[in-house]
Amino acid sequence: MDEPTGTVLFTTVGRPYYGFDVFSLDLASRRERRLTDGLSINFNAQFASAGDDEDDDDPEAVVFVSERTGCSRVYLARSGFSQPEPLPSAPGSLFHDRPILRNGLLYFISAHEAPDKSFAGWSALYSADLEGREIARLTPYGSVDYSPAVSQTGKFVAVASYGSRPWGGEFHALNTDIVVFRKSDPTERVVVAEGGGWPTWSGDSVVYFHRKADDGWWSIFRVEFEFPSDTDFSRFPLAPTRVTPPGVHCFTPAAMPGSNKIAVATRRRGTSYRHIEIFDAGSESFVPITEPLNPNFHHYNPFVSPGSRYVGYHRFRGESTGGESRVPNIEPVASPIKGVQMLRLNGAFPSSSPDGQFVAFNHDFEAAVNGGVKIVRSDGSSRWTLIKDRTAFYNSWSPTEKNVIYTSIGPIFNSPKTTVQIARIKFDLSGPERDVACDVKVLTREDTGNNAFPACSPDGKWLVFRSGRTGHKNLFIVDAANGEFDGGIRQLTDGPWIDTMPSWSPNNDLIAFSSNRHNPGDASTFSIYLIRPDGSDLRRVHLAGPEGSPEVDRERINHVCFSRDGEWLLFTANLGGVIAEPVSWPNQFQPYGELYVVRLDGSGLKRLTWNGFENGTPAWHSMHAVGLGDPWSATGEGWDEDKLRGQFEEPLWISCDI
């Protein structure tokens, strides 16, 4: 078939707990106002005021991004709690970011046009009139732009840009440059400073931006210039001036018009929270803005009104402001393929029951160290706990037994010799208890090291799994009922590399898995391999390029699994680079992780997700389509969901111990 069909379950690291709303703070009264309505997550806003002086300041009119329809789109809120108005979007786009409304034009980042090669990035800048009659791409084809800023008069635009360079695999600090062009001629682009992101204008001739300085501190830098009246760009790029001092991380600046002040997000020693401060470049001093109000919330990506009276940002909405207060167990996400339903799970490593009524999962991808095993109804309602207070990860529901799940018990991401065991869990959900008594049978010997990632054969008789018992992580097959104690075990793959995360095809003829056997010395690159259960016909599925090309050895592909008809492979990969500046978000371990499908021969590659987060652990649901319940309209009886508490971390790679 030309396109896959079915239902995909997956996780997005941290995203279910964000609960972001957009707020503004009156710098005169120090009064904070919520500007968005508490639905979904709302972020990366700008004031929608059209003027350039204080009389035009409107503290409630903002353009912002929201995921309320299952993907990120741009909205206009004209008052704090009115129904937001959707603004023009790029046709077919499931990702919009960093909107700016200036002089009747909407500027935004979109990622709906595929590049012509892997690792090239999808993000580009567009503009649209508010009626949506004309949408123009401002980024040259073949280039990648992030984080736009429009000058005070609207004559100039700045972006963080890779230009035509491919993404190099980095995500802590992107290797982008600050590029400026006239609104009237976006093809004439000037690199005004090398190395930097998140530009912001002060007037029409000064651009501030952030960069990780040589001393390790994220800092704000400044360049001042007159855009050339001719095509002589020989004096560019310029050497920028560092503005903020070492000793404090400063990100995502927003210049305050008519002054030397900048609103910045900061991270300081002694606190784990990101806060908004105003830095006065004249006096070289900081004024805290959000820490006195909300010391224990993260605050992100400040923006400033034209008259500089109001500073905006997004943060966890908190319990006192109203809005959504629970985390759905399962929520719909927009799909680019008509026949594919996309469902985000509040958990990781999903596996559905043979009849499609239930989904097993581990309750927190980041906290797989203590998540145990849970089951939820496929409509997102009732939830049960099978294993509690034990580390468990990667589940496989027996396709022939309604009440049997296989899982890995032990620490995740450890050495081959670390004790991790494959377990068979037998349970009964017919009783009233939510904590279900289980019969847990360990199938692997304790002295055999790291045994994990079980996948059951379609006849329910065998498990393929990854084991470190030889000193290397290779694949083994074991009896699903008795394990290696009575049923025997045989080795499927062998070598000084990592073979992992196997999946058995529904036709029982193939096993797919991830491996770095093409480059055993690099534990950061993995590709898809196929093998028959008898160990024959091993082959690699090439996605980033033909065999022998340098691009194929940059693939990082994991969590591969077969579609219900066995014709498509579903997986998470780094093929599209990153879609937004990771430093502007909470912690993401692999922000380049997006979901894709491809045929078994490597043809028909299609992307399924677009966002700035890490999407992973996908699985096909055993039902073609799933009907979700509505916990918001229910009485609450029978619904068991997490409370939205804003529990997420700053990027773990940003350290104040420098």
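Scope of the values below: all heavy atoms of this structure, side chains included, with no hydrogens, waters or symmetry mates. These numbers come from a predicted model, not from an experiment. Throughout, residue positions are numbered sequentially from 1 according to the sequence presented.
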dist His621:NE2 -> Leu9:CG (nearest 0.5 Å) comes out at 5.5 Å
(Q) Quick one: does any side-chain atom of Asn362 pair with a main-chain N or O of Gly372 as donor and acceptor, under 3.5 Å? (A) yes
Here the gap from Trp504 atom CH2 to Ser457 atom OG, rounded to the nearest 0.5 Å, amounts to 4.5 Å
Sorted by chain and residue number, the salt bridge (charged side-chain N to carboxylate O under 4.0 Å, His left out) partners of Arg556 (sequence neighbours excluded) come out as none
### Task
Measure up the Trp585 and His314 rings against each other and bin them: parallel (under 30°), tilted (30 to 60°), perpendicular (over 60°).
tilted
Is the closest side-chain donor-acceptor distance between Glu641 and Asn329 under 3.5 Å? no
For Pro399, the side-chain contact (heavy atoms from CB on, under 4.5 Å) test, sequence neighbours excluded, returns Cys456
- For Glu594 and Thr609, what are the C-alpha separation, side-chain angles and deciding distance, and is it a side-chain hydrogen bond (donor to acceptor under 3.5 Å, both in side chains)? CA-CA 6 Å; Glu594 303 285 0; Thr609 58; 2.6 Å; yes
Determine, stepwise, if the pair Asn507 / Ser505 fulfils side-chain hydrogen bond (donor to acceptor under 3.5 Å, both in side chains). CA-CA 5 Å; Asn507 301 321; Ser505 75; 5.3 Å; no
Just by distance, with hydrogens left out, do Gln421 and Thr444 show a side-chain donor and acceptor under 3.5 Å apart?
no
Arg517 meets the salt bridge (charged side-chain N to carboxylate O under 4.0 Å, His left out) criterion, sequence neighbours left out, with Asp499
* Asked: Strictly under 6.0 Å, is that where the ring centroids of Tyr592 and Trp122 end up?
  -> no
Original post:
Does Glu324 reach the main-chain N or O of Gly19 with its side chain, forming a donor-acceptor pair under 3.5 Å?
Top reply: no
Output for pair (Ser408 OG, Arg466 CZ), nearest 0.5 Å, gives 7.5 Å
Sorted by chain and residue number, the side-chain hydrogen bond (donor to acceptor under 3.5 Å, both in side chains) partners of Ser549 (sequence neighbours excluded) come out as none
Rounding to 0.5 Å, atoms OG (Ser72) and CZ (Phe613) come to a distance of 8.0 Å
Tyr273 and His298 aromatic ring geometry - parallel, tilted or perpendicular at 30°/60° bounds: tilted
- Message: Between Lys402 and Gln357, does the side-chain contact (heavy atoms from CB on, under 4.5 Å) criterion hold? Intermediate values first, please.
- Response: CA-CA 10 Å; Lys402 179 181 178 181; Gln357 298 302 306; over 6 Å; no
Q. Taking everything shown except Lys417 itself, do over 12 heavy atoms lie less than 6.0 Å from its NZ?
A. yes
Give the ring-plane orientation class for Tyr18 versus Phe20, where under 30° counts as parallel, over 60° as perpendicular and anything between as tilted. parallel
Do Thr407 and Asn395 pass the side-chain hydrogen bond (donor to acceptor under 3.5 Å, both in side chains) test, and can you show the C-alpha distance, the side-chain angles, and the key distance before you say yes or no?
CA-CA 5 Å; Thr407 195; Asn395 312 290; 2.9 Å; yes
Residue pairs passing the salt bridge (Lys or Arg N to Asp or Glu O under 4.0 Å) test with at least one member in residues 518-531, sequence neighbours excluded, are none
Residues pairing under salt bridge (Lys or Arg N to Asp or Glu O under 4.0 Å) where one sits in residues 332-352, two or more places apart or in two chains, turn out to be Glu331-Arg344
Looking only at atom types and distance, does a side-chain atom of Thr11 sit under 3.5 Å from a main-chain N or O of Gly347, one as donor and one as acceptor?
yes
Shortest non-hydrogen pair, Arg267 vs Cys656, comes out as O-SG, 4.0 Å
By side-chain hydrogen bond (donor to acceptor under 3.5 Å, both in side chains), Asn414 pairs with (sequence neighbours left out) none
Practice prompt. For Ser353 and Asp355, test the side chains for any donor-to-acceptor distance below 3.5 angstrom and give the result as yes or no.
Written response: yes
Minimal heavy-atom distance between Pro454 and Ile422, with the atoms involved, is CD-CD1, 3.9 Å
| request: For the pair Arg424 and Asp479, find out whether any cationic side-chain nitrogen is under 4.0 Å from an anionic carboxylate oxygen. | output: no
Give the C-alpha distance, both sets of side-chain angles, the deciding distance and a yes or no for ring pair (Phe, Tyr, Trp, His ring centres under 6.0 Å) between Tyr406 and Trp462. CA-CA 11 Å; Tyr406 300 93; Trp462 304 97; over 10 Å; no
In terms of heavy-atom contacts, Pro328 and Arg326 come closest through CD-O, 3.5 Å
Applied to residues 435-444, the salt bridge (Lys or Arg N to Asp or Glu O under 4.0 Å) test, sequence neighbours excluded, yields Lys388-Asp435
- [ ] Would you verify whether the NZ or CZ of Arg469 falls within 45 degrees of the ring axis of Phe476 while also being under 6.0 Å from that six-membered ring's centre?
- [x] yes
Are the side chains of Ile41 and Arg15 in touch, meaning some heavy atoms are under 4.5 Å apart?
-> yes
Trp384 vs Phe358 aromatic rings, parallel, tilted or perpendicular, using cut-offs 30° and 60°? perpendicular
Residues pairing under salt bridge (Lys or Arg N to Asp or Glu O under 4.0 Å) where one sits in residues 536-547, two or more places apart or in two chains, turn out to be Arg532-Asp537, Arg540-Asp553, Arg540-Glu555
Pair Phe648 and Tyr17, ring centroids less than 6.0 Å apart: no
TODO: Quick one: sort the Phe349 and Phe393 rings into parallel, tilted or perpendicular, breaks at 30° and 60°.
DONE: tilted
Taken in chain and number order and not counting sequence neighbours, the residues that satisfy side-chain hydrogen bond (donor to acceptor under 3.5 Å, both in side chains) with Asn558 are none
All heavy atoms of Phe526 vs all of Ser514, minimum pair found to be CD2-C, 4.1 Å
Taking atom types as modelled and ignoring hydrogens, do the side chains of Arg445 and Asn451 form a donor-acceptor contact shorter than 3.5 angstrom?
no
Taken in chain and number order and not counting sequence neighbours, the residues that satisfy side-chain contact (heavy atoms from CB on, under 4.5 Å) with Ser335 are Ile337, Val340, Met342
Nearest heavy-atom approach of Lys606 to Trp568 is CE-CH2, 4.1 Å
Taken in chain and number order and not counting sequence neighbours, the residues that satisfy side-chain hydrogen bond (donor to acceptor under 3.5 Å, both in side chains) with Trp620 are none
message: Regarding Glu614 and Gln590, do their side chains bring together a donor and an acceptor under 3.5 Å, going by distance alone?
response: yes
Taking every heavy atom of Phe119 against every heavy atom of Ala544, the minimum-distance pair comes out as CE1-CB, 3.8 Å
